[in-house]
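In what follows, chains are A, B, ... by sequence order, proteins preceding strands, each numbered from 1.
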Protein chains: 2
Amino acid sequence: MIGNRPFSHALERLKRHGLRPTRQRLALVKLLFDRGDRHVTADQLQGEAAAAGVRVSLATIYNTLNQFTAAGVLREVIVEAGRSYFDTNTSDHHHVLIESTGELFDVPADHVKLTALPALPPGTSLRRVDVILRVSRQQDNPAS
Amino acid sequence: MIGNRPFSHALERLKRHGLRPTRQRLALVKLLFDRGDRHVTADQLQGEAAAAGVRVSLATIYNTLNQFTAAGVLREVIVEAGRSYFDTNTSDHHHVLIESTGELFDVPADHVKLTALPALPPGTSLRRVDVILRVSRQQDNPAS
DNA sequence: GTGATTGCAAATCTTTTGCACTAAA
DNA sequence: TTTAGTGCAAAAGATTTGCAATCAC
């Protein structure tokens, strides 16, 4: 029952958000969501589309990623200076970043216990708490 | 006794890190460190330099910010997609980001209690834990 | 002097945008 | 048809780099 219905799955996901199921969007949705939780950059996603034989322009990739992020279907993760990651896991969770490679891993929310938070600036409300564990491969030289 | 020795302060800080005290670097160090903890972008810092009557090219601003970050005198804070902040506070602490304005505030390390952390990926060691509280001004409309 | 530092302009990289063309409803 | 979506190429921003001129030692 579960799995093996990639087409209807992708189609439903688009319709649910009022997006026309075009050839490009269907392909991107499949690439994004048929493989479990992932973190992709626009560039990576275009590479995967090309590898899958789907021609999609970078502009459309960006448009789609932004539309999905606005709709709450993707989540943008900002951990590196010049580049945005898009996370297919939109539930409450955190991240481990391997600094030398840029690899990102999810950390389930309940694996991090935040038992105290500071007072917020007056007139503001909390939207989200991001915890990022920056790690290096053990043999890495910080100065290299 | 404290304060009012901006020149020697800046000079010492440069010498300590083996950087020649050029006119530009002395001016930037003063702008950065004579005013308590701050978060600046390269662009902002150039604006301040200009306002102070010091002509420094953007390339030199970037070079200096990067040299200082490498030396551990500044810390790079990555919380927004296209832009890097440089933090004069290099001690263990976290941040509040007001999403609508890009304003950053320090959160002392002891105002956040992390009582549990996940297992790290095999072969990695923890470099730093960043906690970012993303807040909005209360009247902000998330969809606007 | 000699090597480090600077500034400019050009280059790079990621992301966005304008607009004519195409496809979905 | 009518409107949304796509792709291209150009534009926009932030940051880096090559190289000749300048400065610190």
Atom-pair distance (CZ on B/R25; P on D/dT22), nearest Å: 18 Å
Using only atom types and a distance under 3.5 Å, with no angle test, would you say the side chain of A/Q46 pairs donor to acceptor with the backbone of A/S57? no
If you round to the nearest 0.5 Å, how far is CG of B/L65 from CZ of B/F86? 4.5 Å
Quickly work out the A/R20 CZ to D/dA4 P distance and round it to whole Å. 7 Å
Round to the nearest Å and state the distance from A/H17 atom NE2 to D/dG5 atom C1'. 18 Å
Rounded to whole angstrom units, what separation is found between the CZ atom of B/R83 and the P atom of D/dT15? 8 Å
Would the distance check show the side chain of A/S100 and the main-chain N or O of A/S136 forming a donor-acceptor pair, the cut-off being under 3.5 Å? no
Going by the angle between their ring planes, with limits at 30° and 60°, are B/F68 and B/H17 parallel, tilted or perpendicular? tilted
Under 4.0 Å between a side-chain N/O of A/T22 and OP1 or OP2 of D/dA4, yes or no? no
When you check the side-chain N and O atoms of B/D87 and B/H95, is any donor under 3.5 Å from an acceptor? yes
B/N89 and B/H39: side-chain hydrogen bond (donor to acceptor under 3.5 Å, both in side chains), yes or no, with the steps? CA-CA 8 Å; B/N89 179 355; B/H39 306 90; over 6 Å; no
On DNA chain C, reading 5' to 3', which nucleotide is the first and which the last to sit with an atom under 4.0 Å from a heavy atom of chain A, could you check? C/dT14 to C/dA25
Distance, rounded to the nearest Å, where A/R55 contributes CZ and D/dG5 contributes P: 18 Å
Of all heavy-atom pairs between B/G72 and B/T90, which one has the smallest distance, and what is that distance? O-CG2, 3.5 Å
Residues A/R137, A/E103: salt bridge by 4.0 Å N-O rule: yes
Would you jot down, in residue-number order, the residues of residues 58-78 of chain B having a non-hydrogen atom under 4.0 Å from DNA chain C? B/A59, B/T60
Keeping the roles fixed (side chain from B/H111, backbone from A/P118), state whether a donor-acceptor pair exists under 3.5 Å. no
Go nucleotide by nucleotide along DNA chain C from the 5' end; which of A/F86 and A/K15 gets its closest nucleotide reached first? A/F86
I'd like to know if the side chain of B/R13 and the backbone of B/K30 have a donor-acceptor N/O pair within less than 3.5 Å. no
Expected output is a numbered-order residue list: members of residues 40-50 of chain B with a heavy atom under 4.0 Å from any atom of DNA chain D. What is it? none
For the side chain of B/Y85 and the backbone of B/E80, is there at least one donor-acceptor N/O pair under 3.5 Å apart? no
Whole angstrom is fine here: how far is it from CD in A/Q24 over to C1' in D/dC8? 14 Å
